[in-house]
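Only a predicted model underlies this, so the values are computations on that prediction, with no experimental measurement involved. All values below come from the heavy atoms of this structure, side chains included, with hydrogens, waters and symmetry mates left out. All chains are named by letter (A, B, ...) in the order of the sequence lines, taking the proteins before the strands, and each is independently numbered beginning at 1.
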Number of protein chains: 2
Amino acid sequence: MVTNPQRHDERPSGPEEGDLQVALDALADPVRRSIIRQLAARPEWSISCGSFDLPVSKATSSHHFAVLREAGLLEQREDGTRRFNRLRRPEFDARFPGLLDVVLQDG
Amino acid sequence: MVTNPQRHDERPSGPEEGDLQVALDALADPVRRSIIRQLAARPEWSISCGSFDLPVSKATSSHHFAVLREAGLLEQREDGTRRFNRLRRPEFDARFPGLLDVVLQDG
DNA sequence: GGTATTGTTAGACGTAGGTCGAACATGGTA
DNA sequence: TACCATGTTCGACCTACGTCTAACAATACC
């Protein structure tokens, strides 16, 4: 793994600002790929973080959501105590054509 | 990173036997991506391991070549004390379409 | 106010893996 | 034979990061 020299904003930064290292690191984890696949299988903004089927604690989940956010793969919207999610598919595809497809087709 | 449940042969196994986890782990390292890019920029079987421009020791290089081999990205052929290399591009593209292109276009 | 739900943060822990030097193996060459 | 070039393997070290529990924050609901 690699120390990433790029800054990681809290705000969802566009994938156009993310680099390949960050993207690959994000996609190299099976839990995060599971999140992405569950996200792609449902309408946008339809799933809150807690309603994903994941084999880890909610603290670990929160960590993975943050990594996906910072890689430009995920956008979150707050609604009360919940955060609803959207896969930033077109933005990510524009930056790394074909990369997300590989992950989604493999699932 | 993830403990890979798949067996890793010494002989170059076809990418069709490799899984996505192994492929992404292999591509997530910058030294290995550098190897892949240098390989793609020259004719097949034209570069021996020692003639790559890499910022690591030869022991570390040997490790990275093994990882690429086991991920189905690299094929090696012995000639005397040297090992000449070939990027298994068509095989890997057939297994994971678009994945290698992302890495090569980014460089 | 009090409680429940949802998610983040802090701190600690364990492990996978990237790194190195040194030793070793093998084949070419003087 | 001796020597050199090329790669691998071994053992050790170190760091990044995935993981957890516990505590905290914020909102919803009674």
Fill in: Residues which pass side-chain contact (heavy atoms from CB on, under 4.5 Å) with A/R77, listed by chain and number, not counting sequence neighbours
A/W45
Discussion item. Looking at A/D106 and B/R95, is any side-chain nitrogen of the basic one under 4.0 Å from a carboxylate oxygen of the acidic one?
Written reply: yes
Item to complete: For the residue pair A/Q76 and A/R86, confirm or rule out a side-chain donor-acceptor distance under 3.5 Å.
Response: no
Worksheet item: How long is the line joining CG of B/D29 and P of D/dT15, in whole Å?
Response: 17 Å
Discussion item. Please pick, from D/dG18, D/dT9, C/dT8, the nucleotide with the shortest atom-to-atom distance to any side-chain atom of A/R83.
Written reply: C/dT8
Discussion item. I'd like to check the salt bridge (charged side-chain N to carboxylate O under 4.0 Å, His left out) partners of A/R32; sequence neighbours left out, ordered by chain and number.
Written reply: none
Discussion item. From the set C/dG17, D/dC17, D/dT6, return the single nucleotide nearest to any side-chain atom of B/R82.
Written reply: D/dT6
Discussion item. Please say yes or no: joined through hydrophobic side-chain contacts below 4.5 Å, possibly via intermediate residues, are A/L54 and A/V67 part of one cluster?
Written reply: no
Worksheet item: Could you state the CZ-C1' distance from A/R69 to C/dG7, rounded to the nearest angstrom?
Response: 10 Å
Discussion item. If you define the side chain from C-beta out and look only at heavy atoms, does anything of A/L73 sit under 4.5 Å from A/L27?
Written reply: yes
Discussion item. Using whole Å, what does the distance between atom P of nucleotide C/dT9 and atom CZ of A/F65 come to?
Written reply: 14 Å
Discussion item. Both B/S61 and A/T60 contact DNA chain D. Taking the nearest nucleotide for each, which residue is further toward the 5' end?
Written reply: B/S61
Worksheet item: Please give, in whole Å, the distance from C/dC20 P to B/H63 NE2?
Response: 11 Å
Discussion item. Report for the helix from C/dG1-D/dC30 to C/dA30-D/dT1: angle between first-end and last-end helix axes, five pairs each, rounded to 10 degrees.
Written reply: 10°
Please enumerate all protein N or O atoms sitting under 3.5 Å from an N or O of nucleotides 26-28 of chain D, with distances to 0.1 Å.
none

Worksheet item: Is B/E70 close to B/V22 at the side-chain level, that is, under 4.5 Å between some pair of heavy atoms?
Response: no
Discussion item. Is any side-chain heavy atom of B/S57 closer than 4.5 Å to one of B/T60?
Written reply: yes
Discussion item. Between A/D101 and A/R89, does any NZ, NE, NH1 or NH2 come within less than 4.0 Å of an OD or OE carboxylate oxygen?
Written reply: yes
Practice prompt. Kindly give the heavy-atom pair with the smallest separation between B/G72 and B/F92, and that separation in Å.
Written response: O-CD1, 4.1 Å
Item to complete: Could I get the full list of ring-ring contact (aromatic ring centres under 6.0 Å, His included) partners for B/F84, not counting sequence neighbours?
Response: none
Worksheet item: When you check the phosphate oxygens OP1 and OP2 of D/dG7, does a side-chain N or O of B/S62 lie under 4.0 Å from one of them?
Response: no
Item to complete: Would you mind classifying the nucleic acid contact of A/H64 as base, sugar-phosphate or nothing, using non-hydrogen atoms under 4.0 angstrom?
Response: sugar-phosphate
Item to complete: Measure the distance from CG on A/D25 to P on D/dA16 and round it to the nearest whole Å.
Response: 12 Å
Response to the item:
Expected list for residues 40-59 of chain B near DNA chain C, using heavy atoms below 4.0 Å, is B/V56, B/S57, B/A59
